[in-house]
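When a ligand or atom number is given, it counts from 1 through the structure's own listing order. FYI, the numbering just counts along the sequence from 1. Predicted model only: the values in this text are computed from it and were never measured.
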Amino acid sequence: MLTITWDEDTCFHSGDCCSLLPKVFKEENEKIVIDASQATEDAIRDAVGRCPSGALKVEG
Ligand code: SF4
């Protein structure tokens, strides 16, 4: 399973990740909570690549 990091200081809360993969990316109390078990690695990499701020990164 992929490890995804989210940078709180970089994210500007566009909501793109949550709209694309709502089971993986959830906004709770202004933080993005990530459950990478809920989609394929390809789908998650695609969503990370579409983050307009660069706050999401795939580790490893
Ligand atoms: S897509 Fe990127 S900038 Fe938008 S809410 Fe998600 S992490 Fe934040």
Side-chain angles (χ1 to χ4, degrees):
M1 190 170 76
L2 292 175
T3 300
I4 309 299
T5 59
W6 170 73
D7 183 352
E8 180 169 14
D9 295 329
T10 305
C11 174
F12 51 59
H13 300 277
S14 67
D16 295 38
C17 56
C18 306
S19 300
L20 275 168
L21 293 178
K23 289 183 177 169
V24 175
F25 300 98
K26 292 188 168 69
E27 184 152 9
E28 294 178 3
N29 300 320
E30 300 187 357
K31 295 187 185 304
I32 304 295
V33 179
I34 301 167
D35 181 354
S37 71
Q38 297 299 312
T40 64
E41 290 194 4
D42 281 353
I44 293 171
R45 285 183 195 278
D46 180 62
V48 167
R50 290 167 187 263
C51 170
S53 73
L56 297 173
K57 298 233 182 317
V58 178
E59 269 200 353

Which of the atoms of ligand 1 are close to Trp6, meaning less than 4.0 Å from one of its heavy atoms? 7 (S)

Tell me the closest heavy-atom pair linking [X] and [Y], and the distance in Å.
{"X": "Lys31", "Y": "Glu8", "result": "NZ-OE2, 2.9 Å"}
{"X": "Ile44", "Y": "Ala36", "result": "CD1-O, 3.3 Å"}
{"X": "Thr10", "Y": "Asp7", "result": "OG1-OD2, 2.7 Å"}
{"X": "Glu59", "Y": "Thr5", "result": "OE2-CG2, 3.3 Å"}

Calculate, to the nearest 0.5 Å, the distance between atoms SG and CG belonging to Cys17 and Leu56 respectively. 5.0 Å

Kindly compute the distance separating CD1 (Ile4) from CG (Asp35), expressed to the nearest 0.5 Å. 11.0 Å

Distance below 2.8 Å from atom 4 (Fe) of ligand 1: protein N/O/S atoms: Ser14 OG

